[in-house]
Amino acid sequence: MSQNIIEYLRESSINNLFSANGFNTAWPTWKTKINSLAPTPTQHQILALGDSLKEIFYTTNMSSSRSQSDVSGGGANWEALVCWYLNLCLIGRRTVVIKHSKKLIPEPISNAITVNYGSFISNTESDLIALTFPNKANYTIDKESICISDTNGTTVPLHKIKNSKYNLLPVLNALAAEDFKEIEIHIIQCKTNWNDNAQIPMLWDMIYSAKAFRSGITIGREGYSIVDAKAFTYSFVTVPTVKLDKIASTSVAVQRVRNITGGNYWGLPTKSGIASSIKEMLDRNLRTGETVNHLSTIKNEISKLSADYTYFRLL
DNA sequence: GTTCACTAAGAAGACCGGTG
DNA sequence: CACCGGTCTTCTTAGTGAAC
């Protein structure tokens, strides 16, 4: 089966979600809900799942007993659900959403988003990262045909020596180093509750959008910086778990995230002055790379859900 | 030299009740 | 209504040792 490096990265990203225990146990319940919302999925139904992500998320939150394990696992699960949904809407395009993992993020990218506070190197531990790759041959041809040299000029072997597994991260590192200026980086900060945590995305967005600091803080290392990437945004996605009547357009929590570069979103239909549906992020931040919109690319790929895209485990 | 499996330690994260 | 402090579990990563 021919597969380009972008779709292989997407597959690896989704498989990584299922390797986490919390997501794996929640999945059967969510899948039932998703199947009822999109029974014979059309492109419109798939995209519209974004309006119902909160509903899907809450199907595993119904039990009245609120144990500490639900609390702790909730955050990682929400991240994973958002990651799964965005990747599903991005099939066939050149954008991949990755849940933070050293195994899957190319080093030039993680170097670029690193914040140095004096000599302290703060890996932002950002939740999700969306990468849009350029329209170049290496990203569209079969991943087995890629020919790329690393930063030392050595050709990167496509497979590991012993077990012949695909050498994903080294290949990505080399590609990202060579094409860094043409790659878009979008950080997607996920939080389940809104009230308590709105400061965090606000502060990180301030840091990333600031041109200069009085002292001590710099962004990027090893020669890579977000200002050199093709685009950079920072956005916020919440469930939210707070009661909706407590959120008004005048609330501090809303004001805090209103102006961040990538926008603020939730797993509900768009509400003017408060937050947009997560599905709007696709058009706003993750649109480039194709001339047609997401509905068109999903429509083209939808028949492959039972073949090339079984790793979404939708069926 | 490379890869895998396993273990231990560290960090992240959500949420709630109390307070001014 | 915003903020703070405290709790507890899960996930990730680094490290070690064994096998090829």
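None of these values were measured; they are calculated from a predicted model. Here is how names work: the chains are called A, B, and so on, in the same order as the sequence lines, proteins then strands, and each is numbered from 1.
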Which listed nucleotide (dT12(C), dC3(C), dA14(B)) is nearest to the side chain of Lys99(A)? dT12(C)
Within this structure, what is the CH2-to-P distance between Trp194(A) and dC1(C), rounded to whole angstrom? 14 Å
State whether Phe18(A) and Arg313(A) meet the cation-pi test: NZ (Lys) or CZ (Arg) under 6.0 Å from the six-membered ring centroid, and within 45° of the perpendicular axis. yes
Expressed as a whole number of angstroms, how long is the span from Leu128(A):CG to dA12(B):P? 16 Å
Roughly how bent is the helix from dG1(B)-dC20(C) to dG20(B)-dC1(C) end to end, in steps of 10 degrees, with each end axis from five pairs? 30°
Taking CD from Gln199(A) and C1' from dC3(C), how many angstroms apart are they, rounded to a whole number? 8 Å
Calculate the interatomic distance between Gln255(A) atom CD and dA2(C) atom P; express it in whole Å. 10 Å
Whole Å only: how far is the CD1 atom of Ile200(A) from the P atom of dG13(B)? 7 Å
Trp84(A) vs Trp27(A) aromatic rings, parallel, tilted or perpendicular, using cut-offs 30° and 60°? tilted
Can you tell me the distance, in whole Å, between the CH2 atom of Trp204(A) and the C1' atom of dG13(B)? 15 Å
Phe23(A) CZ - dT9(C) P separation (whole Å): 23 Å
Looking at the side chain of His100(A), which of dA14(B), dT13(C), dC3(C) is the nearest nucleotide? dT13(C)
Tell me if a side-chain donor or acceptor on Asp150(A) pairs with a main-chain N or O of Val156(A) at a distance below 3.5 Å. no
Pairs flagged by salt bridge (charged side-chain N to carboxylate O under 4.0 Å, His left out) wherever residues 171-189 of chain A is involved - sequence neighbours left out: Lys136(A)-Asp179(A), Lys136(A)-Glu182(A), Glu184(A)-Lys230(A)
Sequence neighbours excluded, the answer for side-chain contact (heavy atoms from CB on, under 4.5 Å) partners of Ala198(A) is Trp194(A), Ala253(A), Arg256(A), Val257(A)
Check: Ser12(A) side chain, Tyr8(A) main-chain N or O, donor-acceptor pair, under 3.5 Å: yes
Kindly say if Thr192(A) contacts the phosphate of dG13(B), meaning a side-chain N or O under 4.0 Å from OP1 or OP2. no
Passes side chain to side chain donor-acceptor pair (under 3.5 Å), Asn4(A) versus Thr140(A)? Steps please. CA-CA 6 Å; Asn4(A) 66 38; Thr140(A) 54; over 6 Å; no
Measure from CG on Asn193(A) to P on dG13(B) and round the result to the nearest Å. 11 Å
